[in-house]
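Below, read A as the first sequence line, B as the second, and so on, with proteins coming before strands; counting in each chain starts at 1.
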Amino acid sequence: AQKITQTQPGMFVQEKEAVTLDCTYDTSDQSYGLFWYKQPSSGEMIFLIYQGSYDEQNATEGRYSLNFQKARKSANLVISASQLGDSAMYFCAMRENVVYTGNQFYFGTGTSLTVIP
Amino acid sequence: NAGVTQTPKFRVLKTGQSMTLLCAQDMNHEYMYWYRQDPGMGLRLIHYSVGEGTTAKGEVPDGYNVSRLKKQNFLLGLESAAPSQTSVYFCASSMGGSGANVLTFGAGSRLTVL
């Protein structure tokens with residue numbers, strides 16, 4: 001089974017509008033971390049936001065917020081007031097703490113976001 | 001503060017040639033990882049290390065070897081390159097443990113095998 005599922009290969013959003021990128025995860029651990037990374041066309045991986053499994057509040061970082069629904073095992077990224085510079089590939093990732101092997105990070109297949117002027 | 005540095009950034013190989021990708025981090029991170037990124041497949045873990053002198057296989061280890069003789073360096077070797085190994089390779093590192101210990105990535109290395 002996939003650890004991280006991103007079901008939206010591509011998304012379009014009008015500039016200044018909000019957009020939600022979907023992410024569901026699969027784990028039996030109680031302690032885990034959820035991350036979102038941005039990959040612009042230049043190729044680097046940029047960390048955006050983190051949510052711990054025990055955090056009761058949804059994480060926010062500027063225009064980014066993570067809509068964490070633990071029972072549904074979803075960790076959607078919300079980008080408010082989209083800007084042209086938000087056009088990029090977005091990856092959802094999960095960290096599990098595996099006995100004997102330590103931290104393991106799993107990535108989804110990504111969502112390509114295009115912001116339309 | 002350089003973070004994670006990968007060399008080379010680009011390389012073209014012929015089938016059967018060997019090469020080594022070097023990853024260096026200056027953050028004193030315990031964990032280091034090598035991923036490959038292919039279109040539509042996200043990032044897949046090749047090998048990783050939980051500390052100096054340790055290595056372990058990830059999801060797609062075949063055709064690759066790694067070494068971590070020094071804590072700051074993690075080398076990825078291709079013994080006999082194949083066209084299927086054409087990809088973008090990312091090295092990443094983290095502190096390990098729980099909490100918001102983020103994966104920090106290098107800029108990537110684009111490898112083409114002809």
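Proximity to chain A (any heavy atom under 4.5 Å) is restricted, for Ser94(B), to the side chain, taken from C-beta onward. Contacts between Tyr54(A) and chain B at a heavy-atom distance below 4.5 Å are absent for every atom of the residue.
Crowding of Lys70(A) atom NZ: a count of heavy atoms from other residues, nucleotides or ligands under 6.0 Å exceeding 12.
Side chains of Tyr106(A) and Glu59(B): no donor on one and acceptor on the other come within 3.5 Å.
The nearest pair of heavy atoms linking Val102(B) to Phe35(A) is CA-CE2, 4.0 Å.
Following chains of ILVMFWY side-chain contacts shorter than 4.5 Å, one cannot reach Val4(B) starting from Met32(B), and the two form parts of different hydrophobic clusters. Under the 4.5 Å side-chain heavy-atom criterion for grouping Ile, Leu, Val, Met, Phe, Trp and Tyr, Phe74(B) is connected to Val60(B) within one hydrophobic cluster. In this structure, Met19(B) is a member of the same hydrophobic cluster as Ile46(B), with clusters built from ILVMFWY side-chain heavy atoms closer than 4.5 Å. Hydrophobic clustering places Leu45(B) together with Phe90(B) (ILVMFWY residues linked when any side-chain heavy atoms are closer than 4.5 Å, directly or through intermediates). Linking Ile, Leu, Val, Met, Phe, Trp and Tyr residues whenever their side-chain heavy atoms come within less than 4.5 Å leaves Val66(B) and Leu69(B) in two separate clusters.
Rounding to the nearest 0.5 Å places CD of Gln104(A) at 6.5 Å from OH of Tyr33(B). In this structure, the separation between CG on Leu43(B) and OG1 on Thr109(A) is 11.0 Å, given to the nearest 0.5 Å.
Side-chain contact between Met45(A) and Leu103(B): absent, with no pair of heavy atoms (C-beta onward) separated by less than 4.5 Å. Proximity of Phe105(B) to Gln39(A): side-chain heavy atoms (C-beta onward) are nowhere separated by under 4.5 Å.
When each of Arg44(B), Met41(B), Gln37(B), Arg110(B) is checked for heavy-atom pairs under 4.5 Å with chain A, Gln37(B) comes out on top.
Residues Tyr35(B) and Phe105(A) keep their aromatic ring centres 6.0 Å or farther apart.
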